[in-house]
Novice: 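Dumping the structure here so I can ask a few things about it.
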Amino acid sequence: MAASGKDLKGFGSLDKAAMMSQLHSGDAASMSVRDVKDLLRTDLEYGLQSEEARRRLHVHGPNNFDIAVEEPLWKKYLDQFNNPLILLLLASAGISLFMRQFDDAISITVAIIIVVTVAFVQEYRSEKSLEALTKLVPPKCHCLRDGHMMTFLAQDLVPGDIIHISIGDRVPADIRLFEASGLCIDESSFTGEIEPVNKLTEAQPLAQVSSLSGQTNMAFMGTLVRCGQGKGIVIGTGQESEFGEIFKMMQAEEAPKTPLQKSMDTLGKQLSFYSFVVIGIIVIIGWIQGRKILDMFTIGVSLAVAAIPEGLPIVVTVTLAIGVMRMAKRKAIIKKLPVVETLGCVDVICCDKTGTLTKNEMTVTHIITSDEHHAELSGVGYNSPGDIRVVHLSSDSEHDDVDRYMSSFRKVIEIGCICSNAEITQDGLLGSPTEGALLGAAGKLKLMDPKHDYIRQEEWPFSSDTKIMMVKCYHFLNKNDTMYFVKGAIERVLDRCSKYKVNGSTETMTDKQKDVYRIHAHSLGQTGLRVLAMAYGVEKTSMTFAGMVGIMDPPREGARQAVQMLLGMGVKVKMLTGDSEDTAKAVASRLGLFAEGGISLSGEYLEEIDIAELAKIIDNISIFYRVTPRHKLKIVKALQANHHVVGMTGDGVNDAVALKTADIGISMGKTGTDVSKEAADMILVDDDLSTVLAAIEEGKGIFYNIKNFVRFQLSTSIAALSLVAIAMVMHLPNPLNAMQILWINIIMDGPPAQSLGVEPVDHDVLRQPPRKVTDNIITRNLMINTLSSSLIIIIGTLWVFHMEMEDGKITPRDTTMTFTCFVLFDMFNALSCRSYSKSIFQIGLSSNMMFIYAVVGSIVGQLLVIYLPPLQKVFQTEALHLADFALLLSLTSTVFVLSEIRKYFIRRSENRMLHLQESIFYPENMHEDIR
């Protein structure tokens, strides 16, 4: 796989096809430095010539991510109008304009503009996730050109360039290392593994380089140099780097439509079809009956405007916007409005372990000394306070004995700190998190960083081969007192130990004693701790064993409670991590996600199977370990193939593709990378998983509010259409004229209806399972409830109309009584629609003051229509008496009373079901109740 130029000056020639392909990281990792150098036609001491570098830049392009705008913004804006509900509203606006009903035309147009603009902004923002990847390429780099070290823009790097990296640098391209001096690179944002990788230069076996974590002689674009320095050959730039693969994957993926968007599309089609069918029938019947065609056309247009829910998009938008504001107060930033409601449908959440379920701060929690005394340390993080609790001491131990044990605990930590390159500053940790954990433990033991008391003469850095780090140094007060300190894997440290300390005296190490230490290390490892052993001595191969520490990445506060609540709500939680199987299982066990006999799946197995095979087994798997970005994407797609609504949490660049593909991507606000935040739909400001619970509550509540609005609007539409249809069939005059129908439409789509969308969230919705995406807004129960309310309104209004028309003639009083009856029915119906199952006396009459203001305003408007002379002429009304209102109020309140009775029986049924569920899932509570 060559990656060089047409006629490379001084290096022979290659054809153009070879020049166009860059070297894959896995291939480069398995090759020797010399082979890579020869293949890329470069020189380790001289670098590329400037002229040659310009040629390669022309062929390979700049070292960045090209964000191509496929369509102009105006076209993308116009594309938003290609929506059934929007097209229906446009037709309604056109009809209103044709009938010279300019107020309606303006209100409908405003609704359209609001909805279309919001949708456009969402789509535009979603594309920014790709642009955030460009931040991974640092602005400048240190490169060897023409035999001189130069500093220039990293976007000008080409395959074959020789670059230098050192502590604090961000790697500017994929490079094959040929020099590494204590080089340690943080790849956590890429591979998901929190521990920085110690880099080597030797070629790696083919079996090892299949995964990125096994390519220890490679440095990848965008990763951070934690310590040391190195030199390497650029093998991949821009889109041909490993991060470029993520970029191409993100380009190929499109964020799915939210369940609410799908429901609204379906609702728009349903309403438009049924409304126009009924209106067409009404107009045809009137025409057959010999009524004036112009009158029928006017009535038909009025009914069309009334039936088409132009208020629905506004209510949905306003409701979602209020949800976004509520969530912001609860420390969750929602980037796309429909996402708020989508949370109510999420039935699977894939949680990235590091930084989401755990703090991503390694912490020493256990110390075991060579004389087998055991201490537990409290406190989490590098700078947090904590206490040490000594265990396994006999009850008759004297105080001075405890002090002696404390000195042995301090000795273990002291060795770990001396054999370390980390520093804790005000800005955080510089260096390895593991070494940072040792420094944190030193602070809890009241130890100042002991490595400052020693002058280091030599260092042997940790590597995957030796699995130890060793230093040779002397105390600054005694230059002749040379000592070796070592930390690392228990087996490798014990191999160097010939002695151990017991109660202050030195004993000879035996195989039996080594087995004892191995058992202690194994017991710590089984709890998910990383074990590091410590030793010291004057000779490298004959050292004194000091003890060991257990280090963990602790779960976040409240993470277990959040996971358990999600499980209790019927939301499955799956943990994804780049860590080992033992670590993953231990963390999952602490969170209540994994029990003995549970199933876990490795990244290697995921690599072998396709999405269809994975979909068959994925519902039974809760842990995925050693996963890569490609694996995370496969997991999300397999879940979606099983018709799950998937939430994906993450904070690294490696999570970005899965975040974008998931139905809702959730990024961490504090620890999240810019790429993950841009790709996500929602950002947790405090990195707290429990915030997702609040978001789910808000999402469920919003959908129920929208359903309440639809229930009210449909009952009003059905009642209005049915009144006119029945009057037609029975050869009666129209009970409502065109202006009265339009006034009802204003109430139906106006403030009383829209105030239902801002109803406070009912906290009981958390107990309900996630909403199925296959469920439409218009369900069987909603239609039964809607039709029953409509029937009451129709019967009551027709009774008043019939009673007022006893003389057989229709007068302004008749239509005024009928008109006012219908409006009052609407007000009581709106009151009953504030909740599906809870009484108005439970939720509180004043809990939604916007609703109160809207209803009062509507009633005042109705009184003006009845009593104000100019409006009387427009609406053909006349003044009513107080007794008329008493009659109408007693009649129209029946729709509210009957709704309250229905809600009572619904609550009884729900309580019985809830009690049954609690007896199944929480039987201990039942026993408490019995006692």
Novice: Taking atom OH as the centre, does Y867 end up with more than 12 heavy-atom neighbours from other residues, nucleotides or ligands that are less than 6.0 angstrom away?
Specialist: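 Yes.
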Novice: Of the non-hydrogen atoms in L736 and L723, which two are nearest, and what is the gap between them?
Specialist: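 Of all heavy-atom pairs spanning L736 and L723, the closest is CD1-CD1, 4.1 Å.
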Novice: Is C821 close to L888 at the side-chain level, that is, under 4.5 Å between some pair of heavy atoms?
Specialist: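 L888 vs C821: side chains touch.
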Novice: Taking F896's backbone N and O only, do any of them form a donor-acceptor pair with S832's side chain (distance below 3.5 Å, no angle check)?
Specialist: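 Between the backbone of F896 and the side chain of S832 there is no qualifying donor-acceptor contact (under 3.5 Å).
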Novice: Taking the side chain as every heavy atom from C-beta outward, state whether E900 and F841 have any pair of such atoms under 4.5 Å apart.
Specialist: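 Counting from C-beta outward, E900 and F841 do come under 4.5 Å.
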Novice: Which distance, rounded to the nearest 0.5 Å, do you find between the CD1 of I866 and the CZ of F875?
Specialist: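 I866 CD1 to F875 CZ: 11.0 Å, rounded to 0.5 Å.
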Novice: State the CH2-CD distance between W743 and Q862, to the nearest 0.5 angstrom.
Specialist: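 So the gap between those two atoms works out to 7.0 Å.
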Novice: Under a 3.5 Å distance rule, please check whether E878 uses its side chain to pair with a backbone N or O of Q872 as donor and acceptor.
Specialist: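 Side chain of E878 to backbone of Q872, a donor-acceptor pair under 3.5 Å: no, none is there.
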Novice: Tell me whether R834 forms a cation-pi arrangement with F851, defined as NZ or CZ under 6.0 Å from the six-membered ring centre and within 45 degrees of its axis.
Specialist: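 Output yes; distance and angle both within limits.
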Novice: Please confirm whether the backbone N or O of I906 pairs with a side-chain atom of S909, one donor and one acceptor, at under 3.5 Å?
Specialist: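 Between the backbone of I906 and the side chain of S909 there is no qualifying donor-acceptor contact (under 3.5 Å).
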Novice: Which value, rounded to the nearest 0.5 Å, describes the distance between M803 atom CE and L798 atom CG?
Specialist: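 Output value for this atom pair is 12.5 Å.
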Novice: How long is the straight-line distance from OG1 of T797 back to CG of L824, given to the nearest 0.5 Å?
Specialist: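 Reported value, rounded in 0.5 Å steps: 10.0 Å.
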Novice: Do we see a donor-acceptor contact under 3.5 Å between the side chains of D814 and T811?
Specialist: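 Distance-only check passes for D814 and T811.
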Novice: Using modelled atom types only, decide if a donor and an acceptor are shared between the side chain of S890 and the backbone of L887 within a distance under 3.5 Å.
Specialist: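 Checked: pair present.
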Novice: Taking all non-hydrogen atoms of both residues into account, name the closest pair between N848 and P760 and its distance.
Specialist: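 Looking at all heavy atoms of both residues, the closest pair is CB-CD, 4.1 Å.
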Novice: Would you confirm whether N708, through its side chain, and L756, through its main-chain N or O, come within 3.5 Å as a donor-acceptor pair?
Specialist: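 The answer is no, because no donor-acceptor pair under 3.5 Å joins these two groups.
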Novice: Determine whether S858 and V823 make a side-chain contact, defined as any pair of heavy atoms from C-beta on separated by less than 4.5 Å.
Specialist: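 The answer is no, as the side chains (C-beta and beyond) never meet within the 4.5 Å cut-off.
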Novice: If every non-hydrogen atom of S755 is compared with every non-hydrogen atom of A854, which pair is closest and at what distance?
Specialist: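 Shortest heavy-atom separation between S755 and A854 comes out as OG-CB, 4.1 Å.
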Novice: Decide yes or no for N785 and K707: does some side-chain heavy atom of the first lie under 4.5 Å from some side-chain heavy atom of the second?
Specialist: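 No, every pair of side-chain atoms sits at 4.5 Å or beyond.
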Novice: Hey, what do you get for CG (D663) to CG (D681), rounding to the nearest 0.5 Å?
Specialist: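 These two atoms lie 9.0 Å from each other.
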Novice: If you compare all heavy atoms of M849 against all heavy atoms of S846, which two are closest, and at what distance to 0.1 Å?
Specialist: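 Taking M849 first and S846 second, the nearest heavy atoms are SD-O, 3.4 Å.
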Novice: Do side-chain atoms of N829 reach the backbone of V895 as a donor and acceptor pair under 3.5 angstrom?
Specialist: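 Absent.
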Novice: Could you walk me through whether M565 and I696 satisfy the side-chain contact (heavy atoms from CB on, under 4.5 Å) test, starting with their C-alpha distance in whole Å, then the side-chain angles of each, then the deciding distance to 0.1 Å, before giving a yes or no?
Specialist: CA-CA 11 Å; M565 287 191 69; I696 289 176; over 6 Å; no
Novice: For residues P752 and M827, determine if any side-chain heavy atom of one lies less than 4.5 Å from a side-chain heavy atom of the other.
Specialist: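 Sidechains of M827 and P752: in contact.
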Novice: Would F828 and V897 count as a side-chain contact (heavy atoms from CB on, under 4.5 Å) if you check the C-alpha gap in whole Å, the side-chain angles of each, and the deciding distance to 0.1 Å?
Specialist: CA-CA 9 Å; F828 280 111; V897 173; over 6 Å; no
Novice: Flag yes if more than 12 heavy atoms outside F885 fall under 6.0 Å of its CZ atom; otherwise flag no.
Specialist: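 Yes.
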Novice: For A332 and T691, which heavy atoms make the closest approach, and how far apart are they?
Specialist: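 The pair with the smallest heavy-atom distance is CB-CG2, 3.7 Å.
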Novice: Is the backbone of V865 close enough, under 3.5 Å, to the side chain of T877 for a donor and an acceptor to pair up by distance?
Specialist: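 Yes.
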Novice: Assess whether side-chain contact (heavy atoms from CB on, under 4.5 Å) is satisfied between D884 and T820, documenting all intermediate values.
Specialist: CA-CA 10 Å; D884 296 329; T820 306; over 6 Å; no
Novice: Which heavy-atom pair separates A695 from M682 by the least distance, and what is that distance?
Specialist: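 Smallest interatomic distance, heavy atoms only, reads CB-CE, 3.6 Å.
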Novice: Taking atom NZ of K838 as the centre, report whether more than 12 heavy atoms of other residues, nucleotides or ligands fall under 6.0 Å from it.
Specialist: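 Yes, enclosed.
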Novice: What distance separates R902 CZ from S789 OG, expressed to the nearest 0.5 Å?
Specialist: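 It is 7.0 Å, given to the nearest 0.5 Å.
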Novice: Check whether any side-chain heavy atom of V800 sits under 4.5 Å from a side-chain heavy atom of F822, and report yes or no.
Specialist: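 The answer is no; the side chains never approach within 4.5 Å.
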Novice: Yes or no on side-chain contact (heavy atoms from CB on, under 4.5 Å) for I666 and V692, after CA distance, side-chain angles and deciding distance?
Specialist: CA-CA 9 Å; I666 307 167; V692 175; 4.2 Å; yes
Novice: Is the closest side-chain heavy-atom distance between L880 and R813 below 4.5 Å?
Specialist: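 Yes - at least one pair of side-chain heavy atoms lies under 4.5 Å apart.
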Novice: For residues K903 and I840, determine if any side-chain heavy atom of one lies less than 4.5 Å from a side-chain heavy atom of the other.
Specialist: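 Not in contact.
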